[in-house]
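The block underneath contains the structure these notes are about, expressed in structure tokens.
These values consider heavy atoms only, across backbone and side chains, with no hydrogens, waters or symmetry-generated copies.
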Amino acid sequence: MYDLLVKNGLVVTEAGEVYADILVKDGKISAIGEDLKNEEAAKVIDAEGMVITPGMIDTHAHFSEPGRTEWEGYDTGTAAAAKGGVTSFIEMPLNQLPCTQDGESLYIKLEIEKEKIKVDGASLGALTPSNLDDIQDLSDGGVVGYKAFMSTCGDRSLDNDMENVDDYSLWEGMRRIAKTGKTLGVHCENAKITDTLGAIAKANGPDTLKAYVESRPVFTEVEAVKRAIYLAQQTDVKLNICHCSCPEAVEEVTKAREAGFDYMAESCTHYFYFHTDELDDIGNTAKCSPPIRDLANQERMWEELFKGNIHFIGSDHSPCTPDLKEGTAFSAWGGISAIQNSYDIFFDEAVNKRNMPLKQFVDVTATNAAKRFGLENKGSIQVGYDADLVLIDPKASYEVTTEGLEYKNKISAYVGRTIGCQIKTTIVRGNVVYDGEKVTEETTGQLILNK
């Protein structure tokens, strides 16, 4: 007897799309075929009219636990992930206290995480000026990669918050990370220029999100990307450029790849959905960095994506408390609560509206990430792989409401938007974690460790 049978859906596999049934046993996909018998499984889900994809592997999430759980926590954050079709996440080291910067802080985080998550989770370790000697310990503890900030980050009044790198610690960290065989993701913005331009704009006005975007111009992102790539080329590190917001940044990654370097580009749903001229109408919930740029920039990002030059789409889920989103465009916290709606909005924008092939959609939301970060048996629908599945109705429209959000703080730039598709079921290793109405109360998620 099998545990689960998912019937009659359009299944997206690495070989293409096929109408098929999926049998699951002990959390793994056991068979994919036509007309599999209902009596073979303890539970049957009819997916007629649905597209069945591997669950999203969110390459960029912040859950703020421990230390800032008033911003978000694993219980609410992974509930939002489940409702949003995310079956695995890769968590950033920033916004926890302590940040994930050594073996001890990683252990503290994992001990909390394993008791609370509803979907599977992997972690990145920090690269900062002060933790170069901890790189190997983080690898031994199971991180799947590392993250560094070239832009200013963290609260310097706290001794255990994350700190951005200088050029020496970035280069030396790259050398040491290369020895682990794991990847380094970099937030690329020139700290000195963006900080100074931001201070000038804050002092002189106007106090608008459009002015905030103008204080972080494209060249400040591209300069940092070029510097990160040049330093990485002096080492053997595998490099990911995180949340690219402009095509010029993607083009630098493409040039390096064509020269034979193992570098990849990540972007986020909000860069393909929002644009600068609507930010002030939305408010500070749409503030982030790198910032959301203009429509012409967005259209060129779509071109880069369809050409295959953007390899992952993450949410960059970066929540906070409501008070931190108040105040001016320059003083408000920069981050978007996004993990619940990154997958369905991206499906609607890419597949429904722009006819992206389903195989490419799956590649940038799941398969590429699984391969890049060494997430074994994930990111693809094939026999022997984890039964991490999302059933999405491509024609069911709905409106994002505050009441429907699973976040600890019911904040989202997407509230009020109508999405032209809807996630009906999310399954993690054969466990239904979202059934179209409610998220499971069970903590069925597992830690993903790469030791």
- [ ] Using distance alone, with no hydrogens and no angle criterion, decide if Q101 and T128 have a side-chain donor and acceptor under 3.5 Å apart.
- [x] no

Just by distance, no angles: are the side chains of Y74 and E91 close enough, under 3.5 Å, to form a donor-acceptor pair?
yes

Between the CG atom in L127 and the CG atom in D134, the distance rounded to the nearest 0.5 Å is 11.0 Å

Going by distance alone, is a donor N or O of one side chain under 3.5 Å from an acceptor N or O of the other, for D316 and S318? no

*asked:* Here's one to test your reading of the geometry: is the NZ or CZ of K226 within 45 degrees of the ring axis of Y230 and under 6.0 Å from its centre?
replied: no

For I423 and T426, the nearest pair of non-hydrogen atoms, with its separation, is CG2-OG1, 3.6 Å

Identify whether the distance between the nearest side-chain nitrogen and carboxylate oxygen of R372 and D262 falls below 4.0 Å. yes

Practice item. Would you indicate whether the side-chain heavy atoms of D167 and R227 approach each other to under 4.5 Å? Key: yes

Here the gap from S151 atom OG to I193 atom CD1, rounded to the nearest 0.5 Å, amounts to 13.0 Å

Practice prompt. Report yes or no: does S169 contribute a side-chain atom to a donor-acceptor pair with the main-chain N or O of V165 at less than 3.5 Å?
Written response: no

In this structure, CD1 of I29 is separated from CD1 of I22 (nearest 0.5 Å) by 5.5 Å

Contacts satisfying salt bridge (charged side-chain N to carboxylate O under 4.0 Å, His left out) that involve residues 234-252 (not counting sequence neighbours) are E248-R300, E251-R300, E252-K255

- request: State whether E17 and K359 are salt-bridged, where the test is any N-O pair (Lys NZ or Arg NE/NH1/NH2 against Asp/Glu carboxylate O) under 4.0 Å.
  value: no

* Is the closest side-chain heavy-atom distance between I313 and T269 below 4.5 Å? -> yes

request  = Taking the side chain as every heavy atom from C-beta outward, state whether L124 and V143 have any atom pair closer than 4.5 Å.
outcome  = no

Measuring only between side-chain heavy atoms, which start at C-beta, is P394 closer than 4.5 Å to N352? yes

message: Whether K28 and D386 form a salt bridge (side-chain N of Lys/Arg under 4.0 Å from carboxylate O of Asp/Glu) is what I want to check.
response: yes

Is the ring pair W302/F272 parallel, tilted or perpendicular, if the boundaries are 30 and 60 degrees? perpendicular

Q. Should K116 and E113 count as an ion pair when the cut-off is N to O under 4.0 Å?
A. no

I339 and A81 have their tightest heavy-atom pair at CD1-CB, 3.8 Å

Between the CD atom in E266 and the SG atom in C268, the distance rounded to the nearest 0.5 Å is 5.0 Å

Check for me whether the distance between the ring centres of H317 and Y407 falls short of 6.0 Å. yes

Minimal heavy-atom distance between A366 and I57, with the atoms involved, is O-CD1, 3.4 Å

So CG of D26 and CG of L4: to nearest 0.5 Å the spacing works out to 12.0 Å

Heavy atoms of I381 and V12 approach each other most closely as CD1-O, 3.7 Å

For M56 and Y343, the nearest pair of non-hydrogen atoms, with its separation, is CB-CD1, 3.4 Å

The reported gap from CG in L10 to CD1 in I392 (rounded to nearest 0.5 angstrom) is 12.0 Å

> Quick check, are the ring centers of F346 and Y273 under 6.0 angstrom apart?
Replying inline: no

| query | Going by distance alone, is a donor N or O of one side chain under 3.5 Å from an acceptor N or O of the other, for S380 and E14? | reply | yes

Closest non-hydrogen atoms of P291 and Y271, given as atom of the first, atom of the second and distance, are O-CE2, 3.4 Å

**Request:** Quick one: do E163 and S130 satisfy side chain to side chain donor-acceptor pair (under 3.5 Å)? Show the steps, please.
**Result:** CA-CA 9 Å; E163 184 178 1; S130 61; 5.0 Å; no

ask   = If we ignore angles and hydrogens, is there a donor and acceptor under 3.5 Å between the side chains of E189 and T194?
value = no

Paired with S245, the side chain to side chain donor-acceptor pair (under 3.5 Å) test is passed by just one of E221, Q298, H270, namely E221

Electrostatic pair R68:D161 at N-O distance under 4.0 angstrom: yes

